[in-house]
A.B. asks: 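Please see the structure below; I have some questions.
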Amino acid sequence: MTCPSVCAKLAAYQDGDLRADQARAVEAHLLTCASCARELRELRGVVTLLEGLDELEPSAGFTAGVLKIVAQEPVAEPTQPLLRTGLTLAGVGLALSALILAGLAGWGPLDLSAWQPALASLLTATAKLAATACAAAEPVLGALLEGLARPVGWLLVADVVLLAAVLAGARRFLTGRGWRNLTNVWAL
Amino acid sequence: MQFDDDDRRVQQTLAGDLTAYGALVDRYRKRILNLTYRMLGDRERAEDAAQEAFIRAYRGLRSYRPTGRFASWLFATASNVCIDRLRQRPFAQLSLDEPTGRPDPVDEGVEADPPAAYGRGETQEQVRRALGRLPDSQRLAIALVHLQGLSYEDAAEAMGVPVGTVKSHAHRARHALKRLLSPYMQECTP
């Protein structure tokens with residue numbers, strides 16, 4: 001190895017980051033090159049100087065000063081008000097989905113009185129599911145949204161929740177009496 | 001384990017227990033203060049920045065996920081405060097050739113041997129000045145890894161960059177410091 005290539009690797013060698021074969025090559029060079037060996041000694045000397053720096057002690061009123069300010073603030077308020085907005089939007093989406101389902105269920109010359117219990121049951125179940133899902137998903141959604149550009153994140157979350165609600169509602173509708181009633185209507 | 005205890009105190013703080021947050025401040029204030037001091041180069045600014053770091057951390061405490069890495073999260077907050085402060089006003093810098101004028105505040109009244117205190121204080125002041133001549137990102141890497149003892153992984157988390165980038169900053173910084181401090185390394189070179 002040449003001196004420039006060894007010098008370029010000395011800091012990594014010092015940190016133990018070189019592959020075994022690279023480390024062996026550097027060590028072999030250091031045995032024969034006083035200049036590079038001195039370079040390594042000086043790099044180690046830098047670390048020694050840094051580690052020898054004295055440390056400051058915080059002033060006596062440091063902690064009290066911090067607590068005095070934070071005590072005047074609401075206790076660590078949620079820092080993601082947009083998350084609430086996103087969940088609200090998702091809730092609106094779910095409500096719209098329920099309305100669409102209700103409209104589908106009520107479509108056609110059906111006897112509405114026969115539909116009321118099923119529709120009420122469907123809407124109640126959907127609302128419960130939405131509330132549970134939103135509560136359970138908040139930490140996960142929060143973590144997800146931290147990693148996303150926020151506007152994109154909110155749109156994605158609102159869309160995913162809305163889609164899930166629509167699919168869940170549609171599945172229930174298709175597997176329940178609603179679908180059978182509609183097919184009966186179409187068969188008329 | 002301290003990390004678990006940190007998370008427990010975070011939860012207590014979120015539940016409204018300010019004493020728990022006081023315990024977290026007490027635990028990390030010295031390390032955070034020394035990070036801000038090495039980054040800003042001035043004791044008064046450093047203390048102000050360190051307090052702001054804890055205040056910011058409190059305000060954003062709900063965004064911390066209890067993963068046992070509160071220290072890294074806190075160092076990240078403090079690093080951001082330092083970067084913000086450095087945008088407003090750079091490191092308090094003097095030339096390496098200028099006489100120091102006064103001893104480093106950390107040495108005041110702690111040495112029994114005045115000549116030794118002067119020599120040691122002078123060396124420390126030169127190191128402080130040399131750190132101030134580094135680019136902010138290199139100084140931050142050095143401060144986190146070599147002065148605060150964070151692993152490269154934790155430093156990368158605190159800086160919000162890949163591990164390789166932190167290593168690169170630290171390696172360049174050590175080479176630069178070697179050039180700047182070579183006259184002061186005679187006595188400490190192994």
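Quick note on labels: first sequence line is chain A, next is B, and so on, each numbered from 1. Just so it is clear, the values below take in all heavy atoms, side chains as well, and ignore hydrogens, waters and symmetry mates. Please read all numbers here as calculations on a predicted model, not as lab measurements.
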A.B. asks: Which pairs pass side chain to side chain donor-acceptor pair (under 3.5 Å) with one or both residues in residues 22-36 of chain A, sequence neighbours excluded?
C.D. replies: A:Y13-A:E27
A.B. asks: Going by atom types alone, do B:Y152 and A:D17 pair a side-chain donor with an acceptor below 3.5 Å?
C.D. replies: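 There is no such pair (donor and acceptor under 3.5 Å, judged by atom type) between the side chains of B:Y152 and A:D17.
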A.B. asks: Please determine if B:R56 and B:D84 form a salt bridge, counting it only when a charged side-chain N lies under 4.0 Å from a carboxylate O.
C.D. replies: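 Between B:D84 and B:R56 there is a salt bridge, with a charged N closer than 4.0 Å to a carboxylate O.
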A.B. asks: Of the backbone (N, CA, C, O) and the side chain (C-beta and beyond), which part of B:K167 lies under 4.5 Å from a heavy atom of chain A, both, or neither?
C.D. replies: side chain
A.B. asks: Which one, A:C7, A:S59, A:A71, leads in non-hydrogen pairs under 4.5 Å with chain B?
C.D. replies: A:S59
A.B. asks: With the side chain counted from C-beta on, respond yes when A:D15 and B:H171 share a heavy-atom pair under 4.5 Å apart, and no when they do not.
C.D. replies: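 Sidechains of B:H171 and A:D15: in contact.
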A.B. asks: Given a strict heavy-atom distance threshold of 4.5 Å, which part of B:I142 is in contact with chain A: side chain, backbone, both, or neither?
C.D. replies: side chain
A.B. asks: If you round to the nearest 0.5 Å, how far is CD of B:E47 from CG of B:L33?
C.D. replies: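 CD of B:E47 is found 5.5 Å from CG of B:L33.
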A.B. asks: Sort A:V66 into side chain, backbone, both or neither according to what part of it lies under 4.5 angstrom from a heavy atom of chain B.
C.D. replies: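 Interface part for A:V66: both.
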A.B. asks: Quick one: what part of A:L67 sits under 4.5 Å from any heavy atom of chain B, side chain, backbone, both or neither?
C.D. replies: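 A:L67 touches chain B through backbone and side-chain heavy atoms alike.
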A.B. asks: For A:A64, is it the side chain, the backbone, both, or neither that has a heavy atom closer than 4.5 Å to a heavy atom of chain B?
C.D. replies: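 Neither; nothing under 4.5 Å.
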A.B. asks: Flag the pair B:D4 and B:R8 as a salt bridge only when some basic side-chain nitrogen lies within less than 4.0 angstrom of an acidic carboxylate oxygen.
C.D. replies: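 Salt bridge between B:D4 and B:R8, a charged N being under 4.0 Å from a carboxylate O: no.
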A.B. asks: Side chain, backbone, both or neither: which part of B:A57 has a heavy atom under 4.5 Å from chain A?
C.D. replies: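 The answer is neither part of B:A57.
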A.B. asks: Name the member of B:E52, B:H146, B:R172, B:R29 that forms the most heavy-atom pairs with chain A at distances under 4.5 Å.
C.D. replies: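 Highest number of heavy-atom pairs under 4.5 Å: B:R29.
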